[in-house]
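Step one of this worksheet: look at the structure below.
First the proteins, then the strands, lettered A, B, ... as listed; each starts at 1.
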Number of protein chains: 2
Amino acid sequence: MSDDRPLDPVQLDAYFALIEVSSLLRHTVEQQLKESGGLSYVQFQLLATLGDAPSGRRRMTDLADGVVYSRSGLTYQVGLLEQAGLVTRAPSQEDERSVVVTITDAGRAVLATVFPGHIAVLRELLLDPLSDDDVEALASVLDRVRAHMRSIPPRSAAPRRRAPTR
Amino acid sequence: MSDDRPLDPVQLDAYFALIEVSSLLRHTVEQQLKESGGLSYVQFQLLATLGDAPSGRRRMTDLADGVVYSRSGLTYQVGLLEQAGLVTRAPSQEDERSVVVTITDAGRAVLATVFPGHIAVLRELLLDPLSDDDVEALASVLDRVRAHMRSIPPRSAAPRRRAPTR
DNA sequence: GCTCACTGCTTCGAATTCGAAGCACAATGA
DNA sequence: TCATTGTGCTTCGAATTCGAAGCAGTGAGC
């Protein structure tokens, strides 16, 4: 099925540049977040996701999906946020298994504190060297890739306990 | 200096898409590497960098720069690769402080084993939904961003032991 | 109502990660 | 030459990460 020829230089370049740019961006952002609000990148993503949500709440599972993260890691980080008073955890009414996480006022406050610096880093590193058209093009291409990725079943789609080939 | 206005939706979208795409890509690639060759992503990057180098050797520092990684983490991972027999470590002749890492034949073999699957994942996730022009555009924009990032002094550029403001 | 498979989350241990501190060599300059 | 500063790497401890296993609660089928 899949094509064994090597990638051409432009494809390789796109790939390497993507990895390097996102790594560097993430590193810098992480540092800014730590300095200005004592947050890790994941914690910021979680708070931001919650801040966007209708009433500031989401189920653990939905959070994990939005953040590309392992379940256990999520439990850990949400635990830290809870300790810090930035979120609240409570079992769902509808489904006794689910846990609903809610952002607190303190959480929103931290978010507000951290945001300006966050945006400044984005501008400085990512946006400054690009024209509006560039940004548009980048968004357009990556949107398409993202949609494609989401539509593909994850590699280990095998359910938890399932007779293999039987 | 920096502009306090919020980002417009397209800019935000470009940013979020960049993060999500690179995270998902990295996750999937990592998994493929682990299955097919028992390598972590960093280990693969290191081997690939060495494989590209003139005579398969590089100093630790140069490796770290190419990979966006902490020094101590590099020491750890190179240690693992050495244990596995995929690289060799030896002090540099010219500078007694430096350590020169060299890829072994076994290392090249693993690289060769892993590569086809690696490329297949790239195609499947990243390249398939894109036209040649899209890839070209992506590479062009990200190249520019990468060059810009490299030209900016790292945030904590302060030398190791330095009187602060004095 | 019961049973059985599934889902949502947490706990556990092992592996990886980072930054700070330490060690040895190098280079500068008095 | 010798002190002083700087550079390259490693070691150390603490924090984070993941996957596997475990524990309820749900829901489908009988």
For B:Q77, the side-chain hydrogen bond (donor to acceptor under 3.5 Å, both in side chains) test, sequence neighbours excluded, returns B:Q43
With A:D52 via side-chain hydrogen bond (donor to acceptor under 3.5 Å, both in side chains) - residues at least two apart: none
Who are the ring-ring contact (aromatic ring centres under 6.0 Å, His included) partners of B:F44, not counting sequence neighbours? B:F115, B:H118
With distance as the sole test, does B:S140 use its side chain to make a donor-acceptor pair with the main-chain N or O of B:E136 at under 3.5 Å? no
Sort and list the pairs that fulfil salt bridge (charged side-chain N to carboxylate O under 4.0 Å, His left out) and have at least one residue in residues 69-88 of chain B, not counting sequence neighbours. B:E82-B:R89
Residue pairs meeting salt bridge (charged side-chain N to carboxylate O under 4.0 Å, His left out), one or both in residues 137-146 of chain B, sequence neighbours left out, come to A:D13-B:R146, A:E20-B:R146, A:D134-B:R144, B:D143-B:R146
Using heavy atoms and a sub-4.0 Å distance, could you list which residues of residues 36-44 of chain A are near DNA chain C? By number, please. none
Residue-level proximity of residues 75-100 of chain A to DNA chain C when a heavy atom falls under 4.0 Å: A:T75, A:R89, A:R97, A:S98, A:V99
Take atom CD of A:E30 and atom P of D:dA15, then tell me their distance rounded to the nearest Å. 16 Å
When rounded to whole Å, the NZ to P distance for the pair B:K34 and D:dC18 reads 10 Å
Just to be sure I understand the geometry, which residues of residues 49-74 of chain B put a non-hydrogen atom under 4.0 Å away from DNA chain D? B:R59, B:M60, B:T61, B:R71, B:S72
Could you pull out all donor-acceptor pairs under 3.5 Å where a side-chain atom in residues 99-108 of chain A meets a protein atom, sequence neighbours excluded?
residue: A:T104; atom: OG1; partner: A:G85; partner atom: O; Å: 2.8
residue: A:T104; atom: OG1; partner: A:L86; partner atom: O; Å: 3.1
residue: A:T104; atom: OG1; partner: A:A106; partner atom: N; Å: 3.4
residue: A:T104; atom: OG1; partner: A:G107; partner atom: N; Å: 3.1

Apart from A:L80 itself, residues in the same hydrophobic cluster as defined by side-chain heavy atoms under 4.5 Å: A:Y76
Taken in chain and number order and not counting sequence neighbours, the residues that satisfy salt bridge (Lys or Arg N to Asp or Glu O under 4.0 Å) with B:R59 are B:D62
List in chain and number order the residues that pass salt bridge (Lys or Arg N to Asp or Glu O under 4.0 Å) with A:R97, two or more places apart in sequence or in another chain; answer none if no residue qualifies. A:D95
